[in-house]
Amino acid sequence: MIAVLRQFCVLGKYSGKMPFKLTEGAISALLNGHEPKDPILQCLGTKSIAGSGVPRMRLVLSDGVHSFATSMLATQLNDFVTDGRLQQNTVFKLKQYQSSVLQGSKRIVICLDIEILQTPDEAGGKIGEPVPLSVAQNAAGANGGLPNPSKPGNENVNPSGPNRIPPAAMYSPKPTGKMPFGKEQVPTTPGGTQTRVMPIGSLTPYQNKWSVKARVSQKGTMREWKNPRGEGKLFSFTVLDDSGDIRITCFKEEADKFYDMIEVGKVFYISNATLKPANAQYNNTTHDYEMTLRRDSTVTLCDKDDGKMVPKIQYKFVNISNLEQNISGLVDVIGVVKSVEDLNSVMIKSQNREAKVRKFNLVDQSGSEVTVTLWGLDAEKFDGKEHPVVAMKGAKVSDFNTCSLSAMGSTTISMNPDIPEAYQLKQWYESGGSTQATQSLTISSGSGGGTSAANWKTLADIKNENLGMKDKPDYITAKVTVLYCKKENVLYKACPNDQCNKKVIDLEQGKYRCEKCDLQTDEFKYRLILNMHVADEYESTWVTCFQEQGEILLKMSAQELGELQQTDENAFDNVLKRVDFQSYFMKLRVKMDRFNDEDRTRVTVVNVSPISNVDYIKKLQADIQKLQVE
DNA sequence: CCCCCCCC
């Protein structure tokens with residue numbers, strides 16, 4: 001371990017000066033279906049290929065002996081070209097790639113992960129006199145991967161000659177690279193159709209006859225949609241093989257047809273589907289495309305699946321410290337569970353149903369911490385007490401409380417996964433990580449902050465911008481002054497059960513009944529509902545404020561206030577008067593609802609905090625800056 | 001053709 005570290009340091013220290021030796025023979029090996037590890041190559045040129053969607057970058061690669069012109073950069077690496085890090089004569093390490101054969105002869109190498117080692121200047125220009133190769137060589141390796149001089153019709157190929165394309169006769173229709181699930185080769189799909197089984201990673205919309213053999217790694221629920229363009233139902237799932245994963249969606253009839261059949265863990269042959277560019281915002285598979293099943297698509301269970309070849313889920317982990325750069329996107333994260341909350345229930349107002357919810361805090365070696373929210377079954381079955389390593393594929397980054405994570409239906413959660421990152425984290429955690437101070441990205445409103453991601457609005461904006469008219473509520477932050485806090489019906493008697501806040505029925509003689517819990521009791525707890533008239537410089541409105549925020553405003557617990565109401569009406573009144581004409585930052589939930597057949601906009605206080613001059617000045621400065629730009 | 005993921 002120490003030796004490895006030392007070596008690493010030496011490389012790091014001298015990396016700018018040491019000449020990097022290109023991995024001679026790597027190109028030939030690639031063309032012959034081998035997959036050399038971490039070859040060091042030189043880029044001889046880049047070319048942007050315009051397409052319908054994101055541009056694709058084509059690269060010419062060299063190992064100093066051979067060059068190779070059909071290589072592409074995975075689109076997520078396009079920045080390397082656009083910002084100039086990767087250009088003609090740049091030397092780099094090809095850390096991850098996908099090599100596959102198209103139309104039976106042409107090999108294409110997709111560069112998935114690269115590390116820049118030298119700029120063109122540091123490399124001193126083009127290294128060696130590489131000869132172009134485009135197809136596999138006979139007896140490659142026997143002569144160091146050079147074109148075989150004994151092959152008839154090949155006598156004139158000069159290894160150091162000008163740019164010559166080897167004649168097509170040199171192509172050897174030998175092994176064509178990695179098939180899905182290792183060496184097990186399945187040349188045709190069941191039913192006798194002559195369809196090639198292709199590696200998932202090599203699929204593009206430009207091939208018309210293909211089939212994949214893939215294991216289902218994730219399945220979403222059936223979902224209905226309705227929008228101005230139409231309505232219907234759909235479900236999505238993810239499949240993978242050794243070469244990568246891809247998201248598949250079925251709509252309407254296809255959704256019904258395939259829904260029961262698709263099960264996580266099972267292996268299927270899939271063919272005749274449409275490929276279209278994947279939208280990275282909603283899709284974080286490794287694939288550039290995603291699949292839609294059609295009427296003529298076939299999905300056939302592979303009954304010869306022995307269960308041995310289980311391709312690993314492919315992750316693109318983001319350090320917790322970098323999550324804020326991915327707000328509202330999907331990410332893969334891995335970390336150790338530092339703490340976990342109990343299972344909770346929340347009411348989803350828009351759907352009028354209850355959902356199970358659980359939060360936990362995840363830490364990693366970046367020294368950062370983030371709060372993760374799990375829903376439904378994920379929340380119920382989650383066991384985080386023993387500080388497991390948790391890997392999540394496709395978690396949603398939210399700006400709630402500045403930055404937090406939420407598991408979605410399509411998020412795959414793996415406990416203590418069998419991957420190197422997990423062992424490394426476990427070791428780090430056990431050898432000091434557990435006691436290391438961590439910086440949480442999730443700044444809960446209770447602990448002072450929480451306004452940095454605030455959606456600042458004025459009360460006039462509620463009407464002007466039609467806030468609260470959508471399916472989901474709008475959350476805004478406003479600086480408001482309380483004009484009046486209503487004294488009537490401020491308190492109610494609620495079920496004493498921890499999880500229940502329902503109003504109890506007074507049965508007289510000190511007996512109470514909770515309909516929800518089916519409980520008769522002689523106890524109750526006080527709960528607060530404050531109705532307040534608030535105003536800013538533009539507008540005034542009535543807002544409702546429940547228990548926790550009410551206690552903050554009144555600086556008194558609901559229980560104390562309830563007792564005060566019984567013993568000293570005057571003092572009770574004075575407590576409520578405390579808030580009149582006071583100013584606060586309020587986070588407000590704005591949502592239209594229907595009450596007695598009348599639409600009205602309900603405004604609820606979800607968070608209240610004292611005016612922070614620092615935050616307010618920041619907000620004003622941002623406003624001024626906006627004015628200057630416009 | 002979806003792209004919602006809830007609570008605060």
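Chain A is the first sequence line, chain B the second, and so forth, proteins listed ahead of strands; every chain is numbered from 1. We use all heavy atoms of the structure for the numbers below, so side chains are in, but hydrogens, waters and symmetry mates are not.
Both cation-pi conditions hold for K219(A) and Y259(A): the charged atom is under 6.0 angstrom from the six-membered ring centre and inside a 45 degree cone around its axis.
Which of dC1(B), dC8(B), dC6(B) sits closest to the side chain of W225(A) comes down to dC1(B). Closest to the side chain of I348(A), from the set dC8(B), dC6(B), dC2(B), is dC6(B). With dC8(B), dC1(B), dC6(B) as the candidates, the nucleotide lying closest to the side chain of S406(A) is dC6(B).
Considering only side-chain N and O atoms, R358(A) lies nowhere under 4.0 angstrom from the phosphate OP1 or OP2 of dC7(B). Note on S236(A): every side-chain N or O is 4.0 Å or more away from OP1 and OP2 of dC2(B). Between R353(A) and the phosphate of dC6(B), there is no side-chain N or O to OP1/OP2 separation shorter than 4.0 Å. One finds no side-chain N or O of N283(A) lying less than 4.0 angstrom from the OP1 or OP2 phosphate oxygen of dC3(B).
An aromatic stack links Y282(A) and the base of dC3(B), using centre distance under 5.5 Å and interplanar angle under 30°.
The two residues V389(A) and P417(A) make their nearest non-hydrogen contact at O-CD, 3.8 Å.
R223(A) contributes a side-chain N or O that forms a donor-acceptor pair with the base of dC4(B) under 3.5 Å.
For L343(A) and dC7(B), the CG to C1' distance is 13 Å, given to the nearest whole Å. Between N227(A) atom CG and dC1(B) atom P the separation is 11 Å, expressed in whole Å. Atom CG in L330(A) sits roughly 11 Å away from atom P in dC4(B) (whole-Å rounding). Spacing between atom CG of N607(A) and atom P of dC7(B) amounts to 16 Å, rounded to whole angstrom units. Rounded to whole angstrom, the span from the CE atom of M408(A) across to the C1' atom of dC6(B) amounts to 12 Å. In this structure, K591(A) places its NZ atom 13 Å from C1' of dC6(B), rounding to the nearest Å. For the pair E290(A) CD and dC2(B) P, the computed distance is 12 Å after rounding to whole Å. Rounded to whole Å, the distance from CG on N344(A) to C1' on dC7(B) is 9 Å.
Remark: aromatic rings of F360(A) and F382(A) are close, center separation under 6.0 Å.
Within residues 245-258 of chain A, the residues approached by DNA chain B to less than 4.0 Å at the level of any non-hydrogen atom are R247(A), T249(A), F251(A), K252(A), in residue-number order.
When heavy atoms are screened at a 4.0 angstrom cut-off, G230(A) is found touching no nucleic acid atom at all. Using a 4.0 Å heavy-atom cutoff across all strands shown, R589(A) reaches sugar-phosphate atoms only and no base atom. Nucleic acid contact class of S345(A) (heavy atoms, under 4.0 Å, all strands): none. Across all strands, K233(A) comes closer than 4.0 Å to no nucleic acid atom at all (heavy-atom distances).
Inspection of the S202(A) and W210(A) side chains reveals no N or O donor paired with an N or O acceptor under 3.5 Å. Under the 3.5 Å distance criterion, with hydrogens and angles disregarded, no donor-acceptor pair is assigned to the side chains of N401(A) and T442(A). Inspection of the T249(A) and S236(A) side chains reveals an N or O donor paired with an N or O acceptor under 3.5 Å.
Along DNA chain B, the nucleotide nearest K359(A) and the nucleotide nearest K396(A) are compared for position; the residue whose nucleotide lies closer to the 5' end is K396(A).
With respect to D615(A) and K619(A), no salt bridge is recorded, no charged nitrogen being found less than 4.0 Å from a carboxylate O.
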**Q.** Pair R294(A)-N272(A), side-chain contact (heavy atoms from CB on, under 4.5 Å): steps then yes or no
**A.** CA-CA 7 Å; R294(A) 308 185 302 243; N272(A) 292 335; 3.7 Å; yes
